[in-house]
Amino acid sequence: MTEFTAKLLSIIKSIPMGSVSTYGRIANLAGNPRAARQVSWVLRVYSEKLSLPWHRIINSRGRISLRKGQGFELQKALLEEEGIIVGHNGEIDLNKYLWNDNL
DNA sequence: AACCTGACTTCGG
DNA sequence: TCCGAAGCCAGGT
C-alpha cells in the first residue's frame, strides 16, 4: 500500500469511541483533502482484517452512507452502542460527536 | 498505459 | 432538500 493509505489507516484507528469523523476530514488529516473516496476504499478493503472502527466514519452531511440492507442497520447499531444518537435515516449531530482532535 | 470502480464532496438548478 | 454532473484518488484488470 502507499504511504498515504498507511496514514489513513493510522488516523482511522485513532478515532475514539463515542466520536465520529467524516471521509473528507480523514483524508484532510492525512494530507490530501480530495482523497475522500480513497477513505471509503480503504474501509472496504481493510476494516475487517485490521479491525478498524469503520462504523465511526460517516459522510460530510452527517449521515450514514451505507444503504439500508447493505450495512446501514449494523453501523447504526454499533454507533448507538457507543452512546451516539442516530436518527432513522442515519442522521448524526456532527456538532456534538465530530472528532476534532487536530484541525 | 488505459479504463473502470466506489461506504465521497462540492456546486448549481 | 433532492438530483445530476464533475472532480479526485489509489487499486484492480
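Model, not experiment: these values are computed from the prediction. By convention in this document, chain letters (A, B, ...) are assigned in the order of the sequence lines, proteins followed by strands, and residues within each chain are numbered from 1.
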Starting at [atom1] of [X] and ending at [atom2] of [N], how long is that distance when rounded to a whole Å?
X     : N      : atom1 : atom2 : value
A:Q75 : B:dA7  : CD    : C1'   : 8 Å
A:Q38 : B:dT5  : CD    : P     : 17 Å
A:N89 : C:dT1  : CG    : C1'   : 12 Å
A:I64 : B:dC8  : CD1   : P     : 12 Å
A:N28 : B:dC8  : CG    : C1'   : 13 Å
A:R34 : B:dC8  : CZ    : C1'   : 14 Å
A:K76 : B:dA7  : NZ    : C1'   : 18 Å
A:Y46 : C:dG11 : OH    : P     : 7 Å

Is there a donor-acceptor contact under 3.5 Å from the side chain of [X] to the main chain of [Y]?
X     : Y     : answer
A:R56 : A:I15 : yes
A:E81 : A:L79 : no
A:E82 : A:P16 : no
A:Y97 : A:I85 : yes

Taking only the side-chain nitrogens and oxygens of A:T5, find out if one of them lies under 4.0 Å from OP1 or OP2 of C:dG11.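 Result: yes.
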Taking 4.0 Å as the cut-off, does a side-chain nitrogen or oxygen of A:S40 come that near to OP1 or OP2 on B:dG6?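 So the side-chain polar atoms of A:S40 never come under 4.0 Å of the phosphate oxygens OP1 or OP2 of B:dG6.
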Hey, mind stepping through A:Y46 and A:T5 against side chain to side chain contact (heavy atoms under 4.5 Å, CB included) and telling me if it holds? CA-CA 10 Å; A:Y46 298 103; A:T5 297; 4.2 Å; yes
On DNA chain C, compare the nucleotides closest to A:A36 and A:R63; which residue's is nearer the 5' end?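 Closest to the 5' end, via its nearest nucleotide, is A:R63.
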Which nucleotide in the list [options] gets nearest to the side chain of [X]?
X     : options               : value
A:N32 : C:dG11, C:dC9, B:dC8  : C:dC9
A:R44 : C:dA10, C:dG11, B:dA7 : B:dA7
A:Y23 : B:dA7, B:dG6, B:dT10  : B:dA7
A:A35 : C:dA10, C:dC2, C:dC9  : C:dC9

Classify the nucleic acid contact of A:R37 as base, sugar-phosphate or nothing, counting any heavy atom under 4.0 Å across all strands shown.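 Base, at least one base heavy atom under 4.0 Å.
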